[in-house]
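Here the structure comes first, spelled out in structure tokens, and everything after it is commentary.
Everything quoted here is computed from the prediction, not taken from an experiment.
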Amino acid sequence: MSIAGKTAIIVDDGAATGTTLKIAIRAIKRRSPREIIVAVPVSPQETVAELACEADRVVCLSQPGQFRALSYHYMRFPQLSDSDVVAVIGEAGRSQTDRQHLSGQHAAGSKVATKTMPRNNREK
């Protein structure tokens, strides 16, 4: 799938130094997106400033003055193995296939259209 001319949104669980995000931004820039947005829940102010020089926009919910480690900002922050990540990606792929079959759009090359409702209208 080409991202040329599209908005690319890079999401991470946080950015301590921002190095991994900078590499991702530079790799995506080579694919000619219209815009690159970085979204992280927490990052030091200096890192946000550095990322802002690389991306078109940075969204960061919290920029604590005393940033020690990313794990300090989560109640649970377990390390994931490669097999954990592969399993989650596989499950996401299966869910996508299920949605395509349910919507009747499982023909090769078709795009999935999903209908979403505003949060306040959803059943609990």
Side-chain angles (χ1 to χ4, degrees):
M1 171 193 265
S2 173
I3 63 168
K6 298 177 182 174
T7 298
I9 302 172
I10 305 170
V11 180
D12 202 346
D13 56 8
T17 64
T19 302
T20 305
L21 283 168
K22 289 176 197 171
I23 292 168
I25 293 165
R26 291 172 190 166
I28 289 174
K29 276 185 181 179
R30 290 188 214 119
R31 300 178 70 190
S32 305
R34 179 174 56 86
E35 178 181 31
I36 298 175
I37 300 171
V38 171
V40 293
V42 62
S43 182
Q45 294 173 355
E46 305 81 35
T47 302
V48 171
E50 291 173 14
L51 291 170
C53 293
E54 301 272 344
D56 296 299
R57 204 170 354 158
V58 177
V59 177
C60 181
L61 302 179
S62 177
Q63 299 177 43
Q66 296 290 333
F67 189 94
R68 293 201 170 101
L70 194 54
S71 61
Y72 283 93
H73 300 279
Y74 286 87
M75 289 177 20
R76 286 182 352 119
F77 196 73
Q79 293 298 308
L80 300 176
S81 68
D82 290 348
S83 60
D84 292 333
V85 175
V86 170
V88 169
I89 291 171
E91 181 59 35
R94 283 188 295 280
S95 296
Q96 177 74 15
T97 301
D98 292 345
R99 284 192 301 274
Q100 288 173 342
H101 286 282
L102 289 174
S103 68
Q105 299 185 16
H106 56 294
S110 67
K111 294 185 178 181
V112 175
T114 59
K115 182 177 179 183
T116 58
M117 295 172 29
R119 179 176 284 253
N120 58 355
N121 291 340
R122 291 184 185 162
E123 293 181 14
K124 295 181 181 182

>> Between D56 (side chain only) and I36 (backbone N and O only), is there a donor and an acceptor less than 3.5 Å apart?
In response: yes
> Do other residues, nucleotides or ligands put more than 12 heavy atoms under 6.0 Å from Y72 OH?
Replying inline: no
>> Minimum heavy-atom separation for P44 and A15, please, with both atom names.
In response: CD-O, 3.0 Å
> Less than 4.5 Å apart, any side-chain heavy atom of F67 and any of H73?
Replying inline: yes
> Taking the side chain from K29 and the backbone from E54, do they hold a donor-acceptor pair closer than 3.5 Å?
Replying inline: yes
> So, for C60 and S43, which heavy atoms are closest and what is the spacing to 0.1 Å?
Replying inline: SG-N, 3.6 Å
> Hey, is the main chain of V42 close enough, under 3.5 Å, to the side chain of S62 for a donor-acceptor pair?
Replying inline: no
>> Other residues, nucleotides and ligands only: do more than 12 of their heavy atoms fall within 6.0 Å of CZ on R34?
In response: yes
> Can you get from V59 to V40 by hopping between Ile, Leu, Val, Met, Phe, Trp and Tyr side chains that sit under 4.5 Å apart?
Replying inline: no
>> Count I, L, V, M, F, W, Y as connected when their side-chain heavy atoms are under 4.5 Å apart, and connections chain through other members. Are V11 and L61 then in the same cluster?
In response: no
> Looking at side-chain heavy atoms only, is the closest gap between M75 and F77 below 4.5 Å?
Replying inline: no
> Considering all heavy atoms of both residues, which atom of P41 and which atom of G14 are nearest to each other, and what is their separation?
Replying inline: CD-N, 3.9 Å
>> Nearest 0.5 Å, please: how far is NZ in K22 from OG1 in T47?
In response: 7.0 Å
> Is I9 reachable from V38 through a run of I, L, V, M, F, W or Y residues, each pair having side-chain heavy atoms under 4.5 Å apart?
Replying inline: no
>> Rounded at 0.5 Å granularity, tell me how far CD1 in I28 sits from CD1 in I10.
In response: 3.5 Å
> Roughly how far, to the nearest 0.5 Å, is the CG atom of D13 from the CG atom of L70?
Replying inline: 5.0 Å
>> Less than 4.5 Å apart, side chain to side chain, heavy atoms only: is that true for I25 and L51?
In response: yes
> What are the two closest non-hydrogen atoms of S2 and K6, and how far apart are they?
Replying inline: O-NZ, 3.2 Å
